[in-house]
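Okay, so here's the structure we're looking at.
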Amino acid sequence: MIIRRAFYSILFPAAVVLPAWMLIGSAVFGGGGWQTLGALLSSIVLFIALAAISGIVFARPGVRAAKAVSWLDVGILTVIAASAITLGFDSVASTAATVVLIVAVIGGFWAAVWQFFTEARRRVQDVFASFEVPPAAPGAGFGPAQVPAGIRNDGEYIVIETSRDTH
């Protein structure tokens, strides 16, 4: 639970820190002009994607109530962070890290959307289940002695009494 809460607390800061690291790391660790420009564009896209994923994850009432993300979110965010950190070092593994980052961001977005709608559907079903009324037995609402005379006791009846003032 501690790990899930830690990831909950860094959802939005990671959307800023990881793209910034990619940009700064590319400039510091040997990226040339064009490579730094590519890192800048990639950082902007990563910021938007992480902000969207964080927003969708945070929009889930279950996440806000528990102040913890799901284990699926932890796994995906770990892969995204590891890939972005690797790209910042501009290492030999940058090509593989780029592919992993792209796949993880797309998968993370759709996983967040899927979890959001799954939780929303479950909550709506719970609300509708609370509104369901069990079927009434014949003569419900009346005790055996209270059924009006002349009425068969084989169904549900509504009796409306009216009175008129003649004054």
Side-chain angles (χ1 to χ4, degrees), residues 1-137 140-141 156:
M1 187 65 145
I2 294 171
I3 295 172
R4 292 173 45 212
R5 285 190 177 183
F7 273 84
Y8 172 81
S9 65
I10 63 166
L11 272 175
F12 289 106
V16 175
V17 172
L18 290 175
W21 165 250
M22 279 180 46
L23 182 60
I24 293 169
S26 175
V28 170
F29 291 109
W34 288 109
Q35 189 172 356
T36 303
L37 178 64
L40 173 66
L41 297 176
S42 301
S43 297
I44 293 169
V45 171
L46 182 62
F47 168 75
I48 293 169
L50 283 176
I53 291 170
S54 298
I56 294 168
V57 169
F58 189 75
R60 296 194 327 246
V63 169
R64 286 193 316 271
K67 294 189 188 300
V69 298
S70 70
W71 283 111
L72 179 61
D73 295 327
V74 169
I76 290 171
L77 292 172
T78 301
V79 171
I80 290 172
S83 300
I85 291 168
T86 302
L87 284 173
F89 283 119
D90 196 36
S91 65
V92 177
S94 292
T95 304
T98 302
V99 172
V100 170
L101 181 63
I102 291 169
V103 170
V105 166
I106 292 170
F109 175 79
W110 287 112
V113 168
W114 173 73
Q115 289 180 80
F116 177 80
F117 282 116
T118 301
E119 185 173 332
R121 181 177 58 231
R122 185 175 51 246
R123 292 174 66 86
V124 168
Q125 287 172 345
D126 291 344
V127 168
F128 280 130
S130 70
F131 289 139
E132 288 182 6
V133 178
E156 187 174 326

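All values below were derived from every heavy atom in this structure, side-chain atoms included, with hydrogens, water molecules and symmetry-related copies excluded.
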**Report entry** Criterion side chain to side chain contact (heavy atoms under 4.5 Å, CB included) against I102, the qualifying member of V100, V99, V105, T98
**Finding:** T98
Query raised in the report: Can you tell me how far CD1 of I106 sits from CG of L101, rounded to the nearest 0.5 angstrom?
Result: 9.5 Å
Report task. Please report the shortest heavy-atom distance between V69 and Y8, naming the atom on each side. Result -> CG1-CA, 3.9 Å
Query - Rounded distance [0.5 Å steps], OG in S26 versus CH2 in W21 - result: 10.5 Å
**Report entry** From F58 atom CZ to F116 atom CZ, the distance as rounded to the nearest 0.5 Å
**Finding:** 12.5 Å
Query raised in the report: Do you know which two heavy atoms are closest between A66 and M1, and how far apart they sit?
Result: O-CE, 4.5 Å
Report task. Let me see the working for F109 and I56 under side chain to side chain contact (heavy atoms under 4.5 Å, CB included), right down to the final yes or no. Result -> CA-CA 8 Å; F109 175 79; I56 294 168; 3.5 Å; yes
Report summary line: When every non-hydrogen atom of I80 is compared with those of A104, the smallest separation belongs to CG1-CB, 3.6 Å
Query - Sub-4.5 Å side-chain heavy-atom contact between W71 and I3 - result: yes
**Report entry** Heavy-atom check, side chain of L11 versus side chain of L77, under 4.5 Å
**Finding:** yes
Requested in this report: Only counting residues at least two apart or in another chain, list the ones meeting side-chain contact (heavy atoms from CB on, under 4.5 Å) with F117.
Outcome: V113
Query raised in the report: For the residue pair A111 and I76, what are the closest heavy atoms and their distance?
Result: CB-CD1, 3.6 Å
Please table the atom pairs, donor to acceptor, closer than 3.5 Å between any side-chain atom in residues 37-48 and protein atoms at least two apart or in another chain.
residue: S42; atom: OG; partner: G38; partner atom: O; Å: 2.8
residue: S43; atom: OG; partner: P19; partner atom: O; Å: 3.0
residue: S43; atom: OG; partner: A39; partner atom: O; Å: 2.7

Query - For the student: nearest non-hydrogen atoms of A14 and L50, plus distance - result: O-CD1, 3.7 Å
Query raised in the report: Counting heavy atoms not belonging to W110, are there more than 12 under 6.0 Å from its CH2?
Result: no
Query raised in the report: Side chains of D126 and R122: closer than 4.5 Å at any heavy-atom pair?
Result: yes
Query raised in the report: Can you list the residues that meet the side chain to side chain donor-acceptor pair (under 3.5 Å) rule with S70, with sequence neighbours excluded?
Result: D73, Q115
Query raised in the report: In Å, rounded to the nearest 0.5 Å, how long is the span from OG1 of T86 to CE of M22?
Result: 10.5 Å
